2 protein chains.
Amino acid sequence: MSRVECQDEGMSLRHAILGLLEEHPMSGYDLLKRFEQAMSNVWAATQSQLYGELGKLEAAGLIRVHAEGPRGRKEYEITDAGRAELRHWLVDVEPNRVTRNEALLRVYFLGAVAPERAREYLESLGDTARRREGRLEDLDASIDWGDDDASVYGRMVLEWGKRFSVMQREWAEWAAGQVK
Amino acid sequence: MSRVECQDEGMSLRHAILGLLEEHPMSGYDLLKRFEQAMSNVWAATQSQLYGELGKLEAAGLIRVHAEGPRGRKEYEITDAGRAELRHWLVDVEPNRVTRNEALLRVYFLGAVAPERAREYLESLGDTARRREGRLEDLDASIDWGDDDASVYGRMVLEWGKRFSVMQREWAEWAAGQVK
DNA sequence: TATGACATGTAACTAGTTACATGATTCA
DNA sequence: TGAATCATGTAACTAGTTACATGTCATA
């Protein structure tokens with residue numbers, strides 16, 4: 001029941017896995033699908049990293065194998081220690097705000113290329129945002145939202161993505177117009 | 001004059017350094033100050049990583065030592081090969097969109113804690129955004145913008161930060177209201 | 001029977017973090 | 001002369017990426 005000591009503030013993949021297993025037991029393969037789909041807009045993870053982390057989580061006693069299936073399938077479930085660690089992270093650890101926005105980094109340096117290239121770049125950012133906006137609208141419309149926690153908080157994340165896309169598109173349009 | 005071969009799409013720190021040195025020659029220490037200040041909202045870098053990367057850039061011929069000063073200070077300048085690499089990155093390499101938003105990741109899992117804790121968390125995201133909004137407004141007002149490239153593109157980046165902060169604050173206020 | 005989806009794993013690498021270590025110069 | 005700032009570097013680590021490697025099961 002007691003939380004494993006852990007002074008590190010990072011390791012969000014670890015907590016992403018714990019959070020998904022809190023919903024219900026899953027295999028590494030199942031988790032991978034989640035990271036490739038819904039999760040990909042929020043936290044990226046590769047197959048290799050995922051299986052590695054599952055091993056570490058099991059060794060740390062935060063998850064355990066709950067059932068084995070065909071083809072070597074191992075379904076993991078979260079343990080009480082894992083749940084404690086997840087809650088601790090959600091409540092006590094302040095989010096680390098290490099910012100890395102490659103698209104925006106380029107904008108700083110657009111003076112190094114011809115104005116036409118700069119405008120093209122900004123317009124392509126706008127196009128990308130527009131496409132993303134459309135995809136998220138479609139996704140939202142296709143989901144039958146309920147009033148359970150997963151729906152409420154899932155919708156919040158989706159709403160964030162939609163608002164972000166709109167903001168990015170509008171900014172890119174404005175910025176392209178600023179290029180002389 | 002010809003670009004160094006480089007199939008990797010990442011290495012943005014490398015390009016951030018090249019972009020800053022394109023403005024004018026600087027030492028590692030100067031660059032560090034830039035990364036700690038204006039740059040910190042776009043691309044984070046530690047002192048250790050910076051000096052390591054400067055060594056690699058020099059070895060690759062993309063920068064060279066232009067002047068030495070007291071206390072072992074080494075001022076670097078960008079070479080023609082470095083400028084070519086910077087332009088190549090700006091124009092030809094599409095931005096990699098690996099998303100990792102720790103604050104948003106938590107929102108997915110807020111169902112694991114009491115609604116009051118969840119609301120507190122969302123409100124704290126709103127507060128953070130509001131403070132950031134204020135800081136960026138102040139910064140904008142304090143800068144004497146010109147119509148040179150550095151001003152035009154610097155203002156674009158700042159404008160993005162302001163719009164992002166507004167979006168994040170409004171979303172967080174809405175989201176906090178969604179918690180039952 | 002062959003293809004594709006299911007399923008897990010490892011090796012070698014690059015990027016990024018934390019902590020330590022050292023010394024020079026300025027200025028109160 | 002002591003503290004702050006300037007200035008560079010290294011060692012040990014964690015996180016993340018790419019590529020490879022292997023084998024199972026369902027079904028067309």
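On a predicted model such as this, the values are computed, not experimentally measured, just so you know. Lettering of chains follows the sequences in order, A, B, ..., and the numbering in each one begins at 1.
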Salt bridge (charged side-chain N to carboxylate O under 4.0 Å, His left out) against A/Glu120, all qualifying residues, sequence neighbours excluded: A/Arg117
Sequence-distant partners of A/Arg132, salt bridge (charged side-chain N to carboxylate O under 4.0 Å, His left out), two or more places apart: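 Salt bridge (charged side-chain N to carboxylate O under 4.0 Å, His left out) check on A/Arg132 returns nothing, list empty.
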Under-3.5 Å N/O pairs linking protein and nucleotides 26-28 of chain C:
none

In whole angstrom, what separates [X]'s [atom1] from [N]'s [atom2]?
| X | N | atom1 | atom2 | value |
| --- | --- | --- | --- | --- |
| B/Arg14 | C/dA15 | CZ | P | 8 Å |
| B/Leu105 | D/dA15 | CG | P | 15 Å |
| A/Lys74 | C/dA7 | NZ | P | 13 Å |
| A/Tyr76 | C/dG9 | OH | C1' | 10 Å |
| A/Leu54 | C/dT8 | CG | P | 8 Å |
| A/Asn96 | D/dA15 | CG | P | 12 Å |
| B/Leu50 | D/dT8 | CG | C1' | 11 Å |
| A/Met11 | D/dC13 | CE | P | 16 Å |

For residues 170-180 of chain A, dump all side-chain donor-acceptor pairs below 3.5 Å to protein atoms at least two apart in sequence or in another chain.
{"residue": "A/Trp171", "atom": "NE1", "partner": "B/Met156", "partner atom": "O", "Å": "3.0"}
{"residue": "A/Glu173", "atom": "OE2", "partner": "A/Arg130", "partner atom": "NH1", "Å": "2.9"}

Residues which pass side-chain hydrogen bond (donor to acceptor under 3.5 Å, both in side chains) with B/Arg163, listed by chain and number, not counting sequence neighbours: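 side-chain hydrogen bond (donor to acceptor under 3.5 Å, both in side chains) list for B/Arg163, sorted by chain: B/Glu159.
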Counterpart residues, side-chain hydrogen bond (donor to acceptor under 3.5 Å, both in side chains), relative to B/Ser40 (two or more places apart):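 With sequence neighbours excluded, B/Ser40 shows a side-chain hydrogen bond (donor to acceptor under 3.5 Å, both in side chains) to no residue whatsoever.
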Sugar-phosphate only, base, or nothing, as touched by B/Glu53 at under 4.0 Å among non-hydrogen atoms: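 Since no nucleic acid heavy atom lies under 4.0 Å of B/Glu53, the category is nothing.
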Any B/Gln49 side-chain N or O less than 4.0 Å from OP1/OP2 of C/dG16: yes
B/Tyr51 side-chain N/O to D/dG9 phosphate OP1/OP2 under 4.0 Å: no
Minimum-distance nucleotide to B/Arg100 side chain [options: C/dT18, D/dT17, D/dT8]: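 Shortest atom-to-atom distance from the side chain points to D/dT17.
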Sidechain-backbone polar pair: B/Arg87 side chain, A/Ala112 backbone, donor-acceptor under 3.5 Å: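 Here the side-chain-to-backbone pair exists.
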N/O donor-acceptor pair, side chain B/Gln47 with base D/dT8, under 3.5 angstrom: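 Counting by modelled atom types and ignoring angles, a donor-acceptor contact under 3.5 Å is found here.
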Side-chain-base donor-acceptor pair under 3.5 Å for B/Ser48 and D/dA12: no
ILVMFWY clustering at 4.5 Å (side-chain atoms), partners of A/Leu139: A/Leu136, A/Ile143, A/Trp145, A/Leu158
Residue closer to the 5' end of DNA chain D, B/Val98 versus B/Arg73 (nearest nucleotide): B/Arg73
Salt bridge B/Arg73-B/Asp30, side-chain N to carboxylate O under 4.0 Å: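 Salt bridge present between B/Arg73 and B/Asp30.
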B/Lys33 to B/Tyr29, cation-pi by 6.0 Å centre distance and 45° axis angle: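 Yes, B/Lys33 lies over the aromatic ring of B/Tyr29.
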Contact residues, residues 16-44 of chain A to DNA chain C [heavy atom, < 4.0 Å]: A/Ser27, A/Gly28, A/Tyr29
For residues 53-72 of chain B, please give each side-chain donor-acceptor pair under 3.5 Å, one per line with the distance, not counting sequence neighbours.
{"residue": "B/Glu53", "atom": "OE2", "partner": "B/Arg14", "partner atom": "NE", "Å": "3.1"}
{"residue": "B/Glu53", "atom": "OE2", "partner": "B/Arg14", "partner atom": "NH2", "Å": "3.3"}
{"residue": "B/Arg64", "atom": "NH1", "partner": "B/Glu77", "partner atom": "OE2", "Å": "2.9"}

